[in-house]
Amino acid sequence: MATSTRDQTAKKIPLLPLFSLVFFASIFFLLSLSRRTPVSPGSSQVKARLRSDLNCDYTDGSWVYDPDRSSAKYDSTCKEIFKGWNCIAGGKPNAADILKWRWQPKGCNLPPFDPSNGVGHVEPFAEYRLRISLVCHSAGFVGDSLNRNMFVSLFCALRRVSIDVKKWRPAGADRGFTFLQYNLTIAYHRTNLLSRYGSWLADPKGGKLESLGYKEGYRVDVDIPDGTWVKAPSFHDILIFNTGHWWWAPSKFHPVKSPMLFYEKGLPIIPPIPPDVGLDIVLKHMIHYVEEKMRPGGIKFFRTQSPRHFEGGDWNEGGSCLRQQPLSSHQVQELFEVRNNGTNVESRLVNQHLLRAINGSSFHILDITHLSEFRADAHPANAGGKKHDDCMHWCLPGVPDTWIDLFILHLNGIKFRD
């Protein structure tokens with residue numbers, strides 16, 4: 001019996017790691033069929049949208065301790081893990097216990113992305129498996145260091161099943177890797193505000209801002225993307241954006257000593273606007289830019305804000321995060337309720353701006369905020385002898401691995417229509 005060309009090709013490709021990456025390739029094949037519905041700004045509508053895409057509200061649940069839970073998708077020897085996030089190597093007392101907690105949504109399960117077993121519950125598109133895995137595809141993470149947290153989680157998981165990896169920085173990326181056997185690229189584009197910004201000093205000849213008494217600060221061009229990711233929409237098939245932490249950072253942008261001074265169409269916005277209004281304008285312009293420049297059929301996510309867990313003050317005020325287990329629902333509300341205006345209020349405030357901005361766009365929401373709010377135990381804190389507790393980034397392996405589980409599930413749940 002004659003052997004087809006497809007069968008001959010199949011014999012040349014090791015199948016075990018192929019199953020691990022084929023899901024991404026299969027999704028990319030169907031990108032051109034993607035049609036999305038607008039996102040409503042209210043939390044109830046957001047949850048309805050999530051249920052529509054995923055048939056379950058995965059944001060509503062609790063963390064369950066499982067002492068017999070198997071090891072993480074990767075271990076602390078993954079070299080891409082930033083030293084400050086490697087809580088096992090850094091000697092964090094509860095580093096091993098962090099991995100024993102799993103997110104349990106109400107009424108359904110969140111299947112883990114297991115690189116050694118493919119993609120958990122996801123059924124690969126077998127008909128296209130070989131052909132698609134040989135086509136170059138790419139996913140980019142665009143945002144601050146919390147998006148790098150997530151990028152590293154995905155890289156370390158995929159690295160376990162592919163030894164042939166090339167390091168490079170596509171389209172201005174800060175970090176990037178291609179899994180050569182499958183022509184799959186993932187990259188991280190670092191940008192603090194999404195828009196371009198830089199130091200500003202008063203002109204001795206005077207000007208509109210100078211006439212108002214401004215002597216120095218940071219110029220933020222609300223309508224110009226940061227150069228680190230300006231080419232990303234035309235390069236990547238999937239983009240995952242975030243922003244927020246730098247917008248509520250008085251230690252970086254002091255309202256008096258180093259204010260954010262917003263420019264539009266090359267001119268200062270007069271009267272000057274506060275950062276929260278600036279964030280709205282930046283989001284409007286950046287979302288429009290991505291929708292214009294994204295390659296046809298590309299999938300665009302905006303990840304909601306990752307919560308901080310400083311207690312007793314902010315990072316530069318002696319704040320710490322020394323808890324050994326997740327918070328209760330009551331503790332979460334106490335720490336993050338907007339009306340309390342506490343140290344960590346930024347996450348819910350940023351989300352309000354974000355959800356308004358993406359309303360009516362073709363962006364998908366990757367909502368990781370509430371499930372992460374419980375995990376005050378999972379930050380690096382003072383592991384490795386830090387001068388200040390890090391209660392913003394996450395230990396790896398750790399909580400961002402659950403974000404990846406949800407990201408994979410979202411990709412599989414996106415509705416493809418003619």
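Just so you know, these numbers use all the heavy atoms, side chains as well, and skip hydrogens, waters and symmetry mates. Quantities reported herein were computed from a predicted structural model and do not represent experimental measurements.
- When the shell of 6.0 Å around CZ of R169 is examined, it contains 12 or fewer heavy atoms from other residues, nucleotides or ligands.
- The two residues C395 and P400 have their closest heavy-atom pair at O-CD, 4.1 Å.
- Between the side chain of K100 and the backbone N or O of P67, at least one donor-acceptor pair lies under 3.5 Å.
- Between the side chains of H393 and S145, at least one donor N or O sits under 3.5 Å from an acceptor N or O.
- The only member of K252, E346, R308 that meets side chain to side chain donor-acceptor pair (under 3.5 Å) when paired with H245 is E346.
- Looking at E80 and R159, no side-chain N of the basic residue comes within less than 4.0 Å of a carboxylate O on the acidic one, giving no salt bridge.
- Judged purely by distance below 3.5 Å, without hydrogens or angles, the side chains of E373 and H370 pair a donor atom with an acceptor atom.
- Of the possible donor and acceptor atoms, one in the side chain of D237 sits under 3.5 Å from a partner among the backbone N and O of S138.
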Subject >> Evaluation steps, salt bridge (charged side-chain N to carboxylate O under 4.0 Å, His left out), between E311 and R323 >> reply: CA-CA 10 Å; E311 296 184 75; R323 294 180 183 266; 2.7 Å; yes
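- For the atom pair NZ (K92) and NE2 (H379), the distance works out to 8.5 Å, reported to the nearest 0.5 Å.
- For F241 and W229, the distance between ring centers is under 6.0 angstrom.
- The ring of F336 has its center closer than 6.0 angstrom to the ring center of H309.
- In this structure, the ring of F407 has its center less than 6.0 angstrom from the ring center of F301.
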**OP:** Verify side-chain contact (heavy atoms from CB on, under 4.5 Å) between L366 and I368, making sure each step is shown before the conclusion.
**Re:** CA-CA 6 Å; L366 183 61; I368 57 85; 4.2 Å; yes
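- A donor-acceptor pair is defined here as one N or O able to donate and one able to accept, closer than 3.5 Å; such a pair exists between the side chain of N86 and the backbone of S76.
- Between the side chains of S153 and W394, no donor N or O sits under 3.5 Å from an acceptor N or O.
- Note that CG of D144 is 7.0 Å distant from CE of M392, once rounded to the nearest 0.5 Å.
- Counting heavy atoms from C-beta on, the side chains of V277 and P274 come closer than 4.5 Å.
- Nearest heavy-atom pair, L194 versus V282, reported as atom, atom and distance to 0.1 Å: CB-CG1, 4.4 Å.
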Subject >> W403 and S372: CA distance, side-chain angles, deciding distance, side-chain hydrogen bond (donor to acceptor under 3.5 Å, both in side chains) verdict >> reply: CA-CA 9 Å; W403 301 355; S372 305; 2.9 Å; yes
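- The two residues Y74 and A157 have their closest heavy-atom pair at CD2-N, 3.8 Å.
- When only modelled atom types and interatomic distance are considered, Q104 and R102 share a side-chain donor-acceptor pair under 3.5 Å.
- Atom OH of Y65 is surrounded by more than 12 heavy atoms from other residues, nucleotides or ligands within 6.0 Å.
- Side-chain contact between I287 and F363 is present, with at least one heavy-atom pair separated by less than 4.5 Å.
- Using modelled atom types and a 3.5 Å distance limit, the side chains of T304 and T369 yield a donor-acceptor pair.
- Between D276 atom CG and Q352 atom CD the span is 10.5 Å, to the nearest 0.5 Å.
- At least one side-chain heavy atom of Y214 sits less than 4.5 Å from a side-chain heavy atom of P259.
- Distance check: I365 CD1 to R303 CZ gives 13.5 Å after rounding to the nearest 0.5 Å.
- The two residues P93 and Q324 have their closest heavy-atom pair at CB-OE1, 4.2 Å.
- In terms of modelled atom types and a separation under 3.5 Å, the side chain of E317 and the main chain of D314 share a donor-acceptor contact.
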Subject >> Worked check of side-chain contact (heavy atoms from CB on, under 4.5 Å) between S258 and Y218 >> reply: CA-CA 7 Å; S258 53; Y218 287 91; 3.8 Å; yes
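- With respect to D221 and R196, a salt bridge is recorded, a charged nitrogen being found less than 4.0 Å from a carboxylate O.
- Between F179 and F155, the ring planes are tilted. Angles from 30° to 60° get that label.
- Side-chain atoms of N94 come within 3.5 Å of backbone N or O of D377 as a donor-acceptor pair.
- The closest side-chain donor-acceptor pair between D223 and Y289, if any, does not fall under 3.5 angstrom.
- In this structure, D174 and T228 have side chains that are not in contact, with every pair of non-hydrogen atoms separated by 4.5 Å or more.
- Of all non-hydrogen atoms in L406 and D367, the two that sit nearest each other are CD2-O, 3.4 Å.
- Here the CG-CD1 distance, from L184 to I186, works out to 7.0 Å after rounding to the nearest 0.5 Å.
- Considering only heavy atoms from C-beta on, L180 stays 4.5 Å or farther from V165 through its side chain.
- For H254, the NE2 atom counts as densely surrounded, since its 6.0 Å shell holds more than 12 non-hydrogen atoms of other residues, nucleotides or ligands.
- Taking the side chain as every heavy atom from C-beta outward, F113 and K73 approach each other to under 4.5 Å.
- The cationic atom of R175 (NZ for Lys, CZ for Arg) does not lie both less than 6.0 Å from the six-membered ring centre of Y188 and within 45° of the ring axis.
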Subject >> CA sep, side-chain torsions, deciding dist, call: V222, Y263, side-chain contact (heavy atoms from CB on, under 4.5 Å) >> reply: CA-CA 6 Å; V222 298; Y263 278 65; over 6 Å; no
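- Going from atom CH2 of W168 over to atom OG1 of T178 covers 5.0 Å, rounded to the nearest 0.5 Å.
- A 6.0 Å sphere centred on CZ of R190 holds no more than 12 heavy atoms belonging to other residues, nucleotides or ligands.
- In this structure, Y197 has its ring center closer than 6.0 angstrom to the ring center of F253.
- A ring-centre distance under 6.0 Å is found for H236 and H189.
- The two residues K257 and E216 make their nearest non-hydrogen contact at O-CG, 3.6 Å.
- Residues W63 and W101 place their aromatic rings such that the two centres sit no closer than 6.0 Å.
- With respect to D57 and K106, no salt bridge is recorded, no charged nitrogen being found less than 4.0 Å from a carboxylate O.
- Contact annotation: the side chain of I81 approaches that of C156 to within less than 4.5 Å [non-hydrogen atoms, C-beta and beyond].
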Original post:
Can W315 and D389 be said to form a side-chain contact (heavy atoms from CB on, under 4.5 Å), step by step?
Top reply: CA-CA 7 Å; W315 71 271; D389 271 24; over 6 Å; no
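- Within the 4.5 Å cutoff, the side chain of R69 has no heavy atoms near those of the V64 side chain.
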